[in-house]
Asks: 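Handing you this structure, nothing more for now.
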Amino acid sequence: MPVPQPTLAGPDRLGGPRAPRHLADLDPGERRAAAEQLGQPGFRGDQLSRHYFARLTDDPDEMTDLPAADREPLAKALLPRLLTAERELSCDQGQTRKTLWRASGGAYVESVLMRYPDRVTMCVSSQAGCGMACPFCATGQAGLTRNLTAAEIVAQVVAGARALARDEVPGGPGRVSNVVFMGMGEPLANYSRVVAAVRRITDRVPDGLGISRRAVTVSTVGLVPAIGRLAGEGLPVRLAVSLHAPDDALRDQLVPVNRRWKVAEVLDAAWEYAAATGRRVSIEYALIRDINDQAWRADALADLLAGHLAHVNLIPLNPTPGSKWTASEPSVMREFEQRLARRSIPVTVRDTRGTEIDGACGQLAAGRAGAAQGG
Ligand code: SF4
């Protein structure tokens with residue numbers, strides 16, 4: 001099988017205009033400084049934060065605590081509209097909603113809101129496209145368009161929070177409780193913006209959205225230095241490692257970045273992350289028929305994980321139209337799960353919500369040229 005080359009580093013944006021600066025790109029001190037640069041008192045930065053993060057509005061007409069003449073220019077300068085909803089699809093009686101967003105420069109990304117009885121999870125994109133080139137993922141085939149800014153990531157969560165607060169999602173008014181960075185892109189390849197977005201998402205209201213750090217999951221294919229850096233941020237978010245194979249021979253092909261950082265190095269970094277944060281690491285394993293779903297690979301995975309603070313998420317691969325990669329048979333999946341469970345490895349088969357709207361993991365924006373699928 002020909003192995004595509006991942007793009008580990010590259011220009012911050014690969015064409016198209018840069019997204020405009022937004023309040024959510026800035027920390028509270030920088031917001032005050034930005035207000036002063038606009039000839040306003042610094043506390044206007046705090047007032048705008050309250051509108052955006054607490055009241056979930058960027059509409060100047062609703063900002064009645066600001067002088068009428070200043071509302072429009074302040075909102076224009078610090079709360080520009082970053083994402084425009086192009087298309088929205090829902091299923092599960094409206095409790096799963098996928099939104100296709102158009103960002104600056106014609107980049108497309110998607111987010112998915114999933115409402116469960118006990119929580120609401122937003123799955124967000126961190127990049128438009130992805131440079132990691134995993135061959136079973138259409139996003140990987142389309143390549144990286146550009147990194148999203150912190151504010152563009154936060155805007156996906158704010159949109160979900162707003163829809164819930166306004167009772168637009170069946171089940172009554174609610175709030176976003178969990179955020180997972182599992183949409184398009186490799187989050188740790190856009191490190192500083194993803195970390196800034198996590199801070200905005202988890203900072204207390206009104207500096208941020210006030211979502212618990214423990215309810216945020218950042219996924220990675222295994223960028224080892226960035227995992228180490230994340231461990232030192234003092235942000236005890238959950239780390240999800242997309243492993244997909246226990247052996248380097250196969251992982252070199254399924255996750256091309258494995259040729260740079262091998263399975264053992266990735267897992268060592270994961271265990272160090274678990275030790276630094278006290279958080280159990282999620283090991284993501286997309287079960288792909290006849291590729292990585294053999295019983296011996298389940299046993300090899302159990303050997304790697306035994307005794308470590310880990311939990312395995314088995315994900316039935318969502319087939320993409322025209323792709324040879326497809327989900328394992330249910331009986332094979334069960335066998336794989338049981339082999340791990342017999343070795344006392346915590347394991348669950350992930351809910352594949354949203355499959356019928358191409359909203360499940362690995363299926364984002366499959367119909368949109370230049371944008372597809374997520375990790
Ligand atoms: S699976 Fe994830 S990391 Fe791999 S190409 Fe797709 S979006 Fe990127």
Side-chain angles (χ1 to χ4, degrees), residues 1-10 14 98 100-101 107-112 123-148 153 156 180-191 193-194 217-224 226-227 230 239-245 250-261 263 266 269-270 282-288 291-292 313-327 350 352 354 358-368 370-375:
M1 174 184 345
V3 179
Q5 297 294 320
T7 313
L8 281 176
L14 309 173
K98 178 186 73 167
L100 175 68
W101 301 103
Y108 284 90
V109 294
E110 292 204 11
S111 61
V112 186
C123 176
V124 297
S125 297
S126 54
Q127 298 181 305
C130 183
M132 294 299 119
C134 306
F136 57 88
C137 164
T139 302
Q141 307 317 294
L144 176 65
T145 304
R146 71 168 170 87
N147 283 327
L148 296 189
I153 298 168
Q156 299 167 57
V180 297
F181 285 74
M182 292 186 177
M184 292 172 77
E186 159 56 42
L188 297 189
N190 185 16
Y191 186 88
R193 292 164 198 82
V194 164
T217 301
V218 173
S219 73
T220 180
V221 283
L223 307 192
V224 166
I227 294 173
L230 189 65
L239 180 73
V241 174
S242 301
L243 199 66
H244 306 319
L250 178 59
R251 196 167 192 266
D252 279 352
Q253 298 175 45
L254 290 183
V255 185
V257 79
N258 194 70
R259 284 171 292 146
R260 177 106 171 232
W261 293 292
V263 169
V266 172
S282 272
I283 301 294
E284 309 291 303
Y285 198 104
L287 280 167
I288 311 171
I291 302 285
N292 64 353
N313 256 321
L314 297 176
I315 310 151
L317 187 82
N318 297 300
T320 327
S323 167
K324 65 173 179 140
W325 310 92
T326 192
R350 191 194 283 167
T352 51
D358 289 344
C361 233
Q363 296 220 320
L364 294 179
R368 170 62 66 173
Q373 303 220 12

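First listed ligand is number 1; within each ligand, the first listed atom is number 1. In this text, all values refer to a predicted model and were calculated from it rather than measured experimentally.
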Asks: Under 3.5 Å, is there a donor-acceptor pair between the side chain of Q253 and the main chain of C134?
Replies: no

Asks: Mind checking what makes side chain to side chain donor-acceptor pair (under 3.5 Å) contact with Q127, not counting sequence neighbours?
Replies: N147

Asks: Would you say C137 has an N, O or S atom lying under 2.8 Å from atom 6 (Fe) of ligand 1?
Replies: yes

Asks: Below 4.5 Å, heavy atoms only, C-beta onward: do L254 and I288 meet side chain to side chain?
Replies: yes

Asks: Looking at residues at least two apart in the chain, or sitting in another chain, which of them share a ring pair (Phe, Tyr, Trp, His ring centres under 6.0 Å) with F181?
Replies: none

Asks: Tell me, please, if C130 has any N/O/S atom, main chain or side chain, under 2.8 Å from atom 8 (Fe) of ligand 1?
Replies: yes

Asks: Going by heavy atoms in the side chains, are S126 and L148 under 4.5 Å from each other?
Replies: no

Asks: Looking at V221, which atoms of ligand 1 are within less than 4.0 Å of one of its heavy atoms?
Replies: 3 (S)

Asks: Please could you name the atoms of ligand 1 that M132 approaches to less than 4.0 Å, counting only its heavy atoms?
Replies: 3 (S), 8 (Fe)

Asks: Check ligand 1 against G140 and write out every atom of the ligand that is under 4.0 Å from a heavy-atom position of the residue.
Replies: 5 (S)

Asks: Numbering the atoms of ligand 1 from 1, which are under 4.0 Å from a heavy atom of G185?
Replies: 7 (S)

